[in-house]
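Indexing begins at 1, ligand by ligand and atom by atom, following the structure's order. Only this structure's heavy atoms are used, side chains among them; waters, hydrogens and symmetry mates stay out.
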Amino acid sequence: MLPFCPVLVRRAFVLSTFSGGHRRRHLIDPMDLTVEEIDQLLAVGDDIIQNPAKYSEICKGKKLATLFYEPSTRTRLSFESAMLELGGSVIGFSSADSSSAAKGESVADTIRVIGCFADIAAMRHPKEGAPMVAAMNSPIPVINAGDGGHQHPTQTLTDLMTIHRLKGHLDNLTIGLCGDLKFGRTVHSLILALSRYTGIRFVLISPKELAVPDYIKEEVLDKKKIPYTEVQSLDEAMPELDILYMTRIQRERFASEEEYLRLKDSYILTPKQLELAKPDMYILHPLPRVNEISVAVDNDPRAAYFTQVFCGKIIRMALILKLLDRIPAPFDQQLPAPERHQPQVVHNHLHCGNPRCITTIEQELPQAFRPVEEKPGAFRCIYCEALVD
Ligand code: CP
């Protein structure tokens, strides 16, 4: 029997921490919000679009810190625009090199420092689990703005808002996910989030080498009996799709440049291929695009990836309001947070073997694992979810 470590009850700890009796929420993965809370954010988002003046000073005196250890255009600037449009202000850094991370400062120390300057923080980090470590040590709400190839929950909120505005609902949809489904963190987060809606079917379109990780198939799709197929041909999948979610092959996550070059042109969406699609099938892409969607597709009325960028700013405004407890009436219901109290364990003899895990650079972090219900004897790192057996 492995020792139980109450300090590392991952979800109970990370989802919310307490400060002077006040509950502080973080957003580390999409399951940190209930479906009802997502509905609340979508309703606030729609209201922001309808009544922007109502929101223009609602965060006056509040400060957002954007802590970006990895490049970004959309996520960082949409967070910053979101806070500015709410009347707040913004501080931060846009690369690890321009912060004291370059001198070896830990994520835990950084967030304690930032907590003295700001009211809320959005963190992007190349190491998986870094925003979770920040949340565990933070005096202010922390938002995961993308951690390695792991999760990107605010991109998921963006995707849900885009689909909701285009289709009018988030259930009974066949969703095609195409490209790099192994390293594409936006795909992982979107599957987790959509797995809670009824009538969802996934078509996973990728080369075999870039398939969705087993932990998502086994512990989300299989466990919840969500129908999915895995195919390599986009043309074959196209006619049945309601949404086509294209993704970039994530060059920066490959261990071998040769392997990247072999796979980089696996999918290039063209107008000709779209002749196979439904007239109301929308094309989403988290962006940046490299070449996986031909620019000739941009004028197709079904191309929704720039609408998606707009939704990204709006839904981040709604999220900031929620985490700062500033959602205005009539949307300000106090909804219960998700119940995610899973027992966790620490095993001192195990080591996470994922080279992208935060434990590879933060040597003093305790190695911590949770047992895998579906695989007796196997464990997952609580930070990056890599399998250890
Ligand atoms: N979609 C997304 O995360 O884009 P950036 O990398 O530009 O932030």
| said: Can you tell me how the ring of His188 sits relative to the ring of Tyr215, calling it parallel under 30°, perpendicular over 60° and tilted otherwise? | reply: perpendicular

| message | Other residues, nucleotides and ligands only: do more than 12 of their heavy atoms fall within 6.0 Å of CD on Glu364? | response | no

| query | Who are the ring pair (Phe, Tyr, Trp, His ring centres under 6.0 Å) partners of His125, not counting sequence neighbours? | reply | Tyr69

| field | Shell of residues surrounding ligand 1, defined by a 4.0 angstrom heavy-atom cut-off that is strict | value | Ser72, Thr73, Arg74, Thr75, Arg124, His152, Gln155, Pro286, Leu287

| Please, which pairs that meet salt bridge (charged side-chain N to carboxylate O under 4.0 Å, His left out) have at least one residue in residues 301-312, sequence neighbours excluded? | Asp300-Arg302

| query | Side chain of Gln151, backbone of Ile28: donor and acceptor closer than 3.5 Å? | reply | no

| said: With side chain to side chain donor-acceptor pair (under 3.5 Å) as the rule and sequence neighbours excluded, what pairs involving residues 202-214 come up? | reply: Glu209-Arg262

